[in-house]
Amino acid sequence: MPRFFVKGKPSGEYWIGGEDGRHITRSLRMKPGERLTLCDGEGYDYLCTLLHCGEEGALVTVEESRKTASEPETRVTVCQCLPKSDKLETVVQKAVELGAWEIQPVESSRCVVKLDGRTAEKKVARLQKIALEAAKQSGRGIVPQVLQPVPLRRALEHAAREGELLFFYEEGTESLRETLKNTGDRLFLFVGPEGGFSREEAELAASFGAKLLTLGPRILRTETAPVAALAAIFYEKGDMEISR
């Protein structure tokens, strides 16, 4: 069933215009009587029936509202150090599909890519659009936010105030599975750039209470590591089960 995010809480007859309205009429070519889902971005779905299609949009009637069943109980922020090329786009897309709460781009010592000012704004805007499309495709109840890039220390400071830090490091020795047995439901997942984190950065993370973790005996690419870690976290936390 097609899914669209809207502002506010729709009720009664509701007009969908703009890009989404044109997509319904021109791309999907939906007909009156067909059904679609609206989402308020706060975790609630609104089941609708299409009443009328026009050149610039569609009129629907809202028939039922219910809490989105796809949101995990564990809120995970992916703190991804800036990688080269379009790898961050891949990370954002897959992280949203898997259930990440938000994505925090991070600047670390071994990052080749540098973003500042207007460059950062344009990059984040593009990444946010990717997050929106991934949220639609995967049936999310929210659109995870892509935040502005920050230095590693600032990201660590914020994470230490808000939750628990899972810091993936090539020389890390602590088990993710064992660590997750004693963590809460607000986690910050740190992944380094292509060259990984430096020893000094790992020591800094540890000073903020981070667990220096390993993802096993194989070295994963920077765009693979957060996907593997998220899947493992949500599996261990039971967030990959279907509620009955």
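Just so you know, residue 1 is the first one in the sequence shown, and it goes up from there.
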The reported gap from CD in E201 to SG in C81 (rounded to nearest 0.5 angstrom) is 7.0 Å

Do other residues, nucleotides or ligands put more than 12 heavy atoms under 6.0 Å from K114 NZ?
-> yes

Heavy-atom side-chain proximity of I103 to V96 below 4.5 angstrom = yes

Using atom types as modelled, flag every donor-acceptor pair under 3.5 Å from a side chain in residues 217-230 to any protein atom, sequence neighbours excluded.
unit_1, atom_1, unit_2, atom_2, d
T222, OG1, Q80, NE2, 2.8
T222, OG1, G192, O, 2.6

Contacts under 3.5 angstrom, residues 162-177 side chains, donor-acceptor by atom type, not counting sequence neighbours:
unit_1, atom_1, unit_2, atom_2, d
E164, OE2, G184, N, 2.6
E171, OE1, R199, NH2, 3.0
S175, OG, R177, N, 3.3
S175, OG, E178, N, 3.2
R177, NE, E236, OE2, 3.3

Only distances under 3.5 Å count here; give the side-chain donor-acceptor pairs of residues 82-94 to other protein atoms, sequence neighbours excluded, each with its distance to 0.1 Å.
unit_1, atom_1, unit_2, atom_2, d
K87, NZ, E194, OE2, 3.2
E89, OE1, R126, NH2, 3.4
E89, OE2, R126, NE, 2.8

When P149 is tested against each of D116, T119, L115 for side-chain contact (heavy atoms from CB on, under 4.5 Å), which residue passes?
-> L115

Say whether V106 and L189 are linked into one hydrophobic cluster, either directly or through other cluster members, by side-chain heavy-atom distances under 4.5 angstrom.
-> no

Would you give the length of the straight line joining atom CD of E203 to atom CZ of F208, rounded to the nearest 0.5 angstrom?
-> 13.5 Å

What do the steps show when you test K237 against T183 for side chain to side chain donor-acceptor pair (under 3.5 Å), and what is the final call?
-> CA-CA 10 Å; K237 289 288 189 178; T183 57; 2.9 Å; yes

Stepwise side chain to side chain donor-acceptor pair (under 3.5 Å) check, D239 with T74 = CA-CA 8 Å; D239 283 317; T74 306; 3.1 Å; yes

Measuring from F190:CZ to L212:CG, what's the distance to the nearest 0.5 Å?
-> 12.0 Å

Atom CG of L132 and atom CD of Q137: how far apart are they, to the nearest 0.5 Å?
-> 12.0 Å

pair E55-R26: side-chain heavy atoms closer than 4.5 Å = yes

Taking all atoms of both residues into account, what is the closest heavy-atom pair of G99 and P72, and its distance?
-> O-CG, 3.4 Å

Is the shortest heavy-atom distance from the side chain of W101 to the side chain of P144 under 4.5 Å?
-> no

Indicate if Y235 and V78 have the same hydrophobic cluster label, given that clusters are the connected sets of ILVMFWY residues with side-chain heavy-atom separations under 4.5 angstrom.
-> yes

When the side chains of residues 13-20 are checked against the rest of the protein, which donor-acceptor pairs come out under 3.5 Å, sequence neighbours left out?
unit_1, atom_1, unit_2, atom_2, d
D20, OD1, K136, NZ, 3.1

Hey, are the side chains of I233 and L180 touching, using non-hydrogen atoms and a 4.5 Å cut-off?
-> yes

With R153, which residues qualify under salt bridge (Lys or Arg N to Asp or Glu O under 4.0 Å), at least two apart?
-> none

Heavy atoms only: give me the nearest V146-A131 pair and the separation to one decimal.
-> CG2-CB, 4.2 Å

Pairs under 3.5 angstrom only: tabulate donor-acceptor contacts from the side chains of residues 35-53 to other protein residues two or more places apart or in another chain.
unit_1, atom_1, unit_2, atom_2, d
R35, NH2, E63, OE1, 3.1
D40, OD1, E42, N, 2.8
D40, OD1, G43, N, 3.4
D40, OD1, Y44, N, 3.2
D40, OD2, K9, NZ, 2.8
D40, OD2, Y46, OH, 3.1
E42, OE1, K9, NZ, 3.4
D45, OD1, R3, NH1, 3.4
D45, OD1, R3, NH2, 2.6
D45, OD1, T68, OG1, 2.9
D45, OD2, R3, NH1, 3.3
D45, OD2, R3, NH2, 3.4
T49, OG1, E63, OE1, 3.2
T49, OG1, E63, OE2, 2.7

Linked, directly or transitively: I130 and V124 (ILVMFWY side chains, under 4.5 Å) = yes

Side chain to side chain donor-acceptor pair (under 3.5 Å) evaluation trace for E102 with T77 | CA-CA 5 Å; E102 63 186 2; T77 295; 2.9 Å; yes

When hydrophobic residues are tied together by side-chain contacts of less than 4.5 Å, even through go-betweens, does V62 share a cluster with M30?
-> yes

Nearest-0.5 Å distance that lies between atom CD1 in I142 and atom OG in S70 = 9.0 Å

Does Q128 offer a backbone N or O that forms a donor-acceptor pair with the side chain of Q145 under 3.5 Å?
-> no

Considering only heavy atoms from C-beta outward, does the side chain of L98 approach that of M240 to under 4.5 Å?
-> yes

Go through the steps for R140 and E71 under the test salt bridge (charged side-chain N to carboxylate O under 4.0 Å, His left out), then give the verdict.
-> CA-CA 6 Å; R140 294 291 303 271; E71 288 304 307; 2.7 Å; yes

Same cluster or not: are L213 and V76 linked, directly or through other Ile, Leu, Val, Met, Phe, Trp or Tyr residues, by side-chain heavy atoms under 4.5 angstrom apart?
-> yes

Would you check if F188 and R186 make a side-chain contact, meaning some heavy-atom pair closer than 4.5 Å?
-> yes

How far does CZ of R22 sit from CD1 of I24, to the nearest 0.5 angstrom?
-> 11.5 Å

